[in-house]
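As the structure is a prediction and not an experimental result, all values here were calculated from the model. Numbers for residues simply follow the sequence, beginning at 1. When a ligand or atom number is given, it counts from 1 through the structure's own listing order. Any value given below was found using the heavy atoms of this structure, including those in side chains, with hydrogens, waters and symmetry copies removed.
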Amino acid sequence: MAALGTMTAVGGGAVADDAAVEASATTLAGAANISGRYFGVAVAAGRLSDSTYTGIIGREFDSVTAENEMKLDATEPNQNQFTFTNADRIVNLALQQGKKVRGHTLAWHSQQPGWMARMEGSALRQAMLNHVTRVATYYRGKIHSWDVVNEAFADGSSGARRDSNLQRTGNDWIEAAFRAARAADPGAKLCYNDYNTDNWSHAKTQAVYRMVQDFKARGVPIDCVGFQAHFNSGNPVPSNYHTTLQNFANLGVDVQITELDIEGSGTSQAEQYRGVTQACLAVSRCTGITVWGVRDTDSWRSYGTPLLFDGSGNKKAAYHAVLETLNAADPGNPPTTTPPTSNPPTTTTPPGGGCTATYSEGQKWGDRFNGNVTVTGTDNWVVTVTVRYPQRIIATWNTTPSWDSSGNVMTARPNGNGNAFGFTVMHGGNWTWPSLTCRAA
Ligand code: 9MR
């Protein structure tokens with residue numbers, strides 16, 4: 001057999017022998033990317049000065065979720081006063097490193113600021129929709145997937161909605177939140193996220209399933225369902241987990257494992273992590289996995305040592321099980337890993353614009369690529385970036401763009417006095433360069 005790990009170079013003309021393409025990745029994200037998936041982690045702003053912590057994040061993961069910093073109490077501590085400082089520290093770190101960001105969360109019964117927790121009725125409904133709109137608008141273009149609504153169903157056998165001040169505003173509060181989120185950020189995938197929805201036969205799982213089925217039937221904008229996947233001995237990984245993920249995917253939504261942690265240690269923990277990873281890999285619409293923290297000591301339930309790295313940042317057996325499983329994935333269809341060699345011209349200078357916008361390629365991955373725009377000319381110009389279906393811009397940096405209603409056209413200029421900005425495109429197999437125009441503002 002040929003040597004391992006030799007990938008055909010772009011434009012090299014050689015056709016890779018399947019048996020030779022046993023490329024083995026050495027990081028979680030690298031291994032997840034083999035099958036076009038991402039591997040994410042929950043990040044706490046308060047730990048960003050810990051270099052072991054940031055080193056592992058930088059190396060292993062290609063998606064981040066703010067563990068608490070985008071929640072309602074953090075982003076709107078007083079009504080209509082929004083603070084994004086801590087959330088931005090996480091978002092900017094991620095985008096600078098070409099990582100995706102999962103937004104968590106826009107509407108939730110828990111971690112509400114005091115003013116909201118005391119509200120009811122139509123005032124609360126309005127405040128909730130305002131929150132969704134303002135936060136999703138602020139992060140427009142930067143969020144891969146939003147947990148629009150979190151944990152809205154009751155535990156136990158009732159299959160009912162969870163009682164909360166939001167639920168008491170009327171049963172349609174969830175769809176109202178999704179519609180507001182779609183209007184605010186048409187490029188983000190919109191997810192419903194919950195826990196204890198892993199076992200297909202549980203009433204809560206069935207209830208969420210029926211809601212998603214109803215939303216799809218009535219055209220409520222929902223793109224994905226998040227399965228938190230907090231497991232322990234009382235709530236082990238169910239044997240029908242794959243069935244659950246597949247059944248939801250069959251409704252026409254993506255599924256994502258959003259907060260994975262499994263209490264335990266050693267081989268037993270490692271095998272449960274392997275099972276969850278295999279279940280996701282077996283469902284083509286399971287697009288990625290996020291673990292809920294880096295090291296055991298970073299976990300919200302550190303006593304259960306539920307994560308992939310120990311307190312010193314060493315890889316645990318569970319880490320190796322996940323890496324090995326991801327590496328064994330069938331590359332399937334997609335990913336598209338080979339970008340085309342010919343592209344449109346790098347520069348577009350529209351007549352009378354008085355400015356030039358130049359595109360240059362950034363990093364490329366199986367599912368997305370980065371692009372950079374440099375602008376020269378007199379002050380007060382604005383650049384239009386158009387991407388082609390099924391491409392979507394999922395993140396931007398050094399710019400605060402606005403969007404047309406299709407979500408395909410972004411109007412942007414560099415922040416401050418800068419002359420460059422950048423963005424990440426999910427390409428869906430279409431590697432065509434975005435087209436640029438530049439005009440006087
Ligand atoms: O990990 C989060 C922890 O730091 C917070 O104290 C807690 C407060 O509710 O929220 C934790 O994250 C939760 C997530 O936002 C939603 N699903 C359950 C997670 C674990 O409790």
Side-chain angles (χ1 to χ4, degrees), residues 40-48 50 53 56-57 61 63-77 86-87 89-91 101-114 116-117 128 131-132 135-136 139 143-156 161-162 164-167 174 177 181 190-199 202 204-205 208 224-235 237 255-264 276 288-309 311:
V41 64
V43 173
R47 297 180 197 273
L48 290 178
D50 175 341
Y53 184 76
I56 295 172
I57 293 167
F61 301 99
S63 171
V64 306
T65 308
E67 188 174 357
N68 289 296
E69 294 76 357
M70 282 196 195
K71 292 174 180 174
L72 293 97
D73 56 352
T75 50
E76 196 178 356
N86 282 328
R89 290 173 64 201
I90 294 172
V91 171
V101 180
R102 292 196 83 263
H104 176 77
T105 174
L106 293 171
W108 190 20
H109 69 277
S110 181
Q111 282 181 277
Q112 293 182 0
M116 187 184 274
M128 179 274 285
H131 182 87
V132 170
V135 177
Y139 282 113
I143 305 295
H144 165 261
S145 300
W146 262 115
D147 290 334
V148 178
V149 170
N150 196 37
E151 302 176 359
F153 280 81
D155 294 313
R161 294 282 183 87
R162 175 195 297 276
S164 72
N165 60 347
L166 290 168
Q167 181 60 32
I174 298 181
L190 305 182
C191 304
Y192 175 78
N193 191 54
D194 214 329
Y195 65 91
N196 282 354
T197 48
D198 312 292
N199 191 320
H202 281 180
K204 189 170 173 181
T205 311
V208 174
C224 39
V225 175
F227 295 82
Q228 293 186 9
H230 294 295
F231 296 112
N232 58 24
S233 55
N235 177 38
V237 182
V255 295
Q256 303 178 10
I257 294 172
T258 53
E259 304 181 14
L260 177 62
D261 54 13
I262 307 175
E263 288 183 32
V276 171
I289 299 176
T290 297
V291 287
W292 205 241
V294 179
R295 301 161 297 195
D296 285 337
T297 43
D298 302 317
S299 170
W300 65 297
R301 42 183 195 175
S302 52
Y303 55 85
T305 60
L307 295 173
L308 300 178
F309 295 87

Heavy-atom distances under 4.0 Å are what count here, so tell me which part of Trp292 touches ligand 1: side chain, backbone, both or neither. side chain
Report the part of Asn150 in contact with ligand 1, treating N, CA, C, O as backbone and CB onward as side chain, heavy atoms under 4.0 Å; options are side chain, backbone, both, neither. side chain
Between Glu151 and Ser110, is there a side-chain donor-acceptor contact under 3.5 Å, judged purely by atom types and distance? no
So [Y] and [X], do their side chains get closer than 4.5 Å, heavy atoms only?
X      : Y      : answer
Asp194 : Val225 : no
Ser302 : Asp296 : no
Tyr195 : Glu259 : no
Asn165 : Gln112 : yes
Leu166 : Trp108 : no

Top protein contact for [atom], by heavy-atom distance:
atom                    : answer
atom 7 (C) of ligand 1  : Gln111 OE1, 3.8 Å
atom 5 (C) of ligand 1  : Asn68 OD1, 3.3 Å
atom 1 (O) of ligand 1  : Glu67 OE2, 2.5 Å
atom 11 (C) of ligand 1 : Lys71 NZ, 3.6 Å
atom 17 (N) of ligand 1 : Glu259 OE1, 2.6 Å

Locate the shortest heavy-atom distance separating Ser164 from His109; write the atom from each residue and the value. CB-CB, 3.6 Å
Please give me the minimum heavy-atom distance between Gly103 and Met70, naming the atom from each residue. CA-SD, 4.0 Å
I want to know if ligand 1 touches [X] in the polar sense, i.e. an N/O pair below 3.5 angstrom.
X      : value
Gln228 : yes
Trp300 : no
Ser110 : no

Could you tell me if any non-hydrogen atom of Arg301 lies under 4.0 Å from any atom of ligand 1? no
Hey, which atoms in ligand 1 end up nearer than 4.0 Å to a heavy atom of Glu151? 16 (C), 17 (N), 18 (C)
